[in-house]
Novice: 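Please read through the structure below; I'll follow up with questions.
Positions are given from 1, in the same order as the sequence printed here.
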Amino acid sequence: MYSSAYVWAKIISYLEDHLTAATTSGYFDDAEVIELNEEQLILYSPSDFRRDIIRRRFAAFIQDALKEIFHSDAKLIVFGDEELNTYRSKGRSNTAMDFNPQFSFENFVVGPSNRFAHGAAIAVSNTPGQVYNPLFIYGPPGVGKTHLLYAIANGIRKKNPGVNIVYIKGDQFTNELIAALQSGKNIEFRSKYREADLFLIDDIQFIAGKDSTQEEFFHTFNTLYEEHKQIVMTSDRKPSDMLTLEDRLKTRFEWGLLADIQPPDYETRMAIIKNKATSLALDLSDDVCNYIANNVTNNVRQIEGTVKKLRAYVDLNGMELTLENVTRAIADMFKSEGNALPTPSLIISQVCKFYSIDETVLRGTLKNKGTTEARQIAIYLIRKLTNLSLPDIGKEFGRDHSTILYGIRKIEVALKGGNATLQNNIRDITANINSCL
């Protein structure tokens, strides 16, 4: 997990690039990060005027920065003095169990690409633990998997406010397990997950290849399943495509129902655009909606991000939403299919997620076996998946080109020698990288 200071510094840099340094300084120089977790970024601003501007004009930019740099869907909350005092008086934050009510079945746009998964999620919400247990929802990023996960939680909680819902992401499950082992809090860790009435785990693919994590998850799964507690998982691929996932887990993930979600078709994209525009009080003509639907096709998240960007242009520049203006405003959001290359930062972040190590360690000088292997894989994948030269790759790690070449050759020799574990690890990491493009 990144520190709040590191994340905020990256966001400020992003805002300066997109808004100018003067604007960023003018509105954010006294803003303070109160909390950052998987679900929310809480800022405090002492000025009523600045706080209002941040909420209305800059929230979309901040959330875009979180998605672009950290692949995070955390929602922005901006506190004033009253909210901050209330927050501190409670002595704790909102947790990941406090699901955004906007993520409901009613707000989910249904189309041919997601109707099956949507119906399965409703069935689970109506009768948890009785049908489709576990429910395994898979598909590329940004197509609505997490929305359905939260909708299930909100639906069950509405009927039973006292239900114990536990939500976590796959890589965070690993991080918590490591922390529990280091601090001797194994019992507390197990109790947290094995006493859940509803267990939701996002991006389950990140536990693949991690022996201790898979062992712990295996026993957690068995305990919950035997007690008829509902388990819902999401992933960017089906269990059989997770090469380094243990067979006993693959089998269990397939015990219930596998439901895939694909990118939305044209009609669904049009409905998503119009729904999002209405929620943002944005009046978009049919020509503009049609242009967006025909050009922004990757996923729901990108479509909604496009509409939010138009809202920001209207607020900041007073831009009239003509087709010509919209075409210019969102041109940078289009991506030629098949031509996108991952950035070194994306590759490094996915390697770090897979090996559960911090980026500063990977880029540093620590030379234990696990760190060295992860570093060499990152170097190998940057060379393989990008157009960077050896000296440019060296700059990413603070090393000269000869060291980079040595790391690449070490991996190549191991792969040619038939190292099956390394081959599978690289395949899984590459799949994780591709799913983010």
Novice: Please collect all salt bridge (Lys or Arg N to Asp or Glu O under 4.0 Å) contacts where either partner lies in residues 383-393, sequence neighbours excluded, each pair once.
Specialist: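 Passing the test, one end in residues 383-393: D392-K395.
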
Novice: Can you sort out the partners of S13 under side chain to side chain contact (heavy atoms under 4.5 Å, CB included), two or more places apart, ordered by chain and number?
Specialist: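 Side chain to side chain contact (heavy atoms under 4.5 Å, CB included) check on S13 returns D17.
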
Novice: Run F397 and I382 through side-chain contact (heavy atoms from CB on, under 4.5 Å) and show every step you take.
Specialist: CA-CA 11 Å; F397 297 89; I382 291 174; 3.8 Å; yes

Novice: Suppose the criterion is salt bridge (Lys or Arg N to Asp or Glu O under 4.0 Å): which pairs have a residue in residues 204-225, not counting sequence neighbours?
Specialist: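 Applying salt bridge (Lys or Arg N to Asp or Glu O under 4.0 Å) to every pair that reaches into residues 204-225, excluding sequence neighbours, yields R190-E216, R194-E216, E215-R248.
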
Novice: Got a sec, which residues hit ring-ring contact (aromatic ring centres under 6.0 Å, His included) with F136, two or more places apart in sequence or on another chain?
Specialist: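 Expected list: F253.
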
Novice: Write out all pairs satisfying ring pair (Phe, Tyr, Trp, His ring centres under 6.0 Å) with one or both partners inside residues 354-392, taking only residues at least two apart or from two chains.
Specialist: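 Every candidate ring pair (Phe, Tyr, Trp, His ring centres under 6.0 Å) pair involving residues 354-392 fails, so no pair, neighbours aside, qualifies.
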
Novice: Enumerate the salt bridge (Lys or Arg N to Asp or Glu O under 4.0 Å) contacts for residues 252-267, please, sequence neighbours excluded, ordered by first and then second residue.
Specialist: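 For residues 252-267: none.
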
Novice: List in chain and number order the residues that pass side-chain hydrogen bond (donor to acceptor under 3.5 Å, both in side chains) with N425, two or more places apart in sequence or in another chain; answer none if no residue qualifies.
Specialist: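 Not a single residue meets the side-chain hydrogen bond (donor to acceptor under 3.5 Å, both in side chains) criterion with N425.
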
Novice: Would you please say whether a donor-acceptor pair under 3.5 Å links the side chains of D358 and T360?
Specialist: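 There is such a pair between these side chains.
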
Novice: For the OG1 atom of T146 and the CG atom of D203, what is their distance to the nearest 0.5 Å?
Specialist: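 The OG1 atom of T146 sits 6.5 Å away from the CG atom of D203.
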
Novice: Could you check I34, I11, I77 and say which one makes a side-chain contact (heavy atoms from CB on, under 4.5 Å) with L41?
Specialist: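 Answer to the side-chain contact (heavy atoms from CB on, under 4.5 Å) test with L41 among I34, I11, I77: I11.
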
Novice: With rounding to the nearest 0.5 angstrom, report the OG1 to CD distance, T251 to E246.
Specialist: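 If we round to the nearest 0.5 Å, T251:OG1 and E246:CD are 11.0 Å apart.
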
Novice: Without swapping roles, check the side chain of S125 against the backbone of A121 for a donor-acceptor pair under 3.5 Å.
Specialist: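 No.
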
Novice: Run the side-chain hydrogen bond (donor to acceptor under 3.5 Å, both in side chains) test against Y193 and tell me which residues pass, sequence neighbours left out.
Specialist: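 Counting only residues at least two positions away or on another chain, Y193 forms a side-chain hydrogen bond (donor to acceptor under 3.5 Å, both in side chains) with E176.
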
Novice: Treating K250 as the side-chain partner and M242 as the backbone partner, does any N or O pair qualify as donor plus acceptor under 3.5 Å?
Specialist: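 Yes: the side chain of K250 pairs with the backbone of M242.
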
Novice: Is it the case that more than 12 heavy atoms not belonging to Y266 sit under 6.0 Å from its OH atom?
Specialist: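 Correct, the count exceeds 12.
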
Novice: List in chain and number order the residues that pass salt bridge (Lys or Arg N to Asp or Glu O under 4.0 Å) with R409, two or more places apart in sequence or in another chain; answer none if no residue qualifies.
Specialist: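 Once residues adjacent in sequence are excluded, R409 has no partner under the salt bridge (Lys or Arg N to Asp or Glu O under 4.0 Å) criterion.
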
Novice: Determine the interplanar angle of the Y150 and F103 rings, folded into 0 to 90°, and report it as parallel if under 30°, tilted if 30 to 60°, perpendicular if over 60°.
Specialist: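 Perpendicular, since the angle between the ring planes exceeds 60°.
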
Novice: Holding to ring-ring contact (aromatic ring centres under 6.0 Å, His included), I want the full list of residues that pass it with F105, two or more places apart in sequence or in another chain.
Specialist: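 H118.
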
Novice: Could you check whether N432 and D428, counting side-chain N and O atoms only, form a donor-acceptor pair closer than 3.5 Å?
Specialist: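 No donor-acceptor contact under 3.5 Å links the two side chains.
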
Novice: Using the test side-chain hydrogen bond (donor to acceptor under 3.5 Å, both in side chains), find all partners of E106 that sit at least two apart in sequence or belong to another chain.
Specialist: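 Per chain and number, E106 pairs via side-chain hydrogen bond (donor to acceptor under 3.5 Å, both in side chains) with S104.
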
Novice: Test of understanding: with side-chain hydrogen bond (donor to acceptor under 3.5 Å, both in side chains), list the residues that count as partners of D241, not counting sequence neighbours.
Specialist: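 D241 satisfies side-chain hydrogen bond (donor to acceptor under 3.5 Å, both in side chains) with no other residue.
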
Novice: Roughly how far, to the nearest 0.5 Å, is CD1 of I231 from CD1 of I201?
Specialist: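 One gets 10.0 Å once the value is rounded to the nearest 0.5 Å.
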
Novice: Under the 3.5 angstrom rule, does the side chain of Q423 hit a backbone N or O of L415 as a donor-acceptor pair?
Specialist: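 Such a contact is found between Q423 side chain and L415 backbone.
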
Novice: Please determine whether salt bridge (charged side-chain N to carboxylate O under 4.0 Å, His left out) holds for the pair E83 and R55, giving the CA-CA distance in whole Å, both sets of side-chain angles, and the decisive distance to 0.1 Å.
Specialist: CA-CA 14 Å; E83 294 97 334; R55 286 170 176 163; 3.4 Å; yes

Novice: Apply side chain to side chain donor-acceptor pair (under 3.5 Å) to residues D171 and T174 and explain how you reach the verdict.
Specialist: CA-CA 5 Å; D171 56 324; T174 298; over 6 Å; no

Novice: Are D202 and Y167 close enough that a side-chain donor and a side-chain acceptor fall under 3.5 Å?
Specialist: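 Short answer, yes.
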
Novice: Should D197 and R157 be marked as a salt bridge (charged side-chain N to carboxylate O under 4.0 Å, His left out) after you check the CA-CA gap, both sets of side-chain angles, and the distance that decides it?
Specialist: CA-CA 11 Å; D197 298 313; R157 176 158 285 168; over 6 Å; no

Novice: Please determine, by modelled atom types, if N424 and T244 share a side-chain donor-acceptor pair under 3.5 angstrom.
Specialist: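 Short answer, no.
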
Novice: Crowded around K192 NZ? As in, over 12 foreign heavy atoms under 6.0 Å?
Specialist: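 Yes, NZ of K192 has more than 12 neighbouring heavy atoms, counting only those of other groups under 6.0 Å.
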
Novice: Hey, what's the ring geometry for F221 with F217, parallel, tilted or perpendicular (30° and 60° as the breaks)?
Specialist: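 Plane angle between 30° and 60°, so tilted.
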
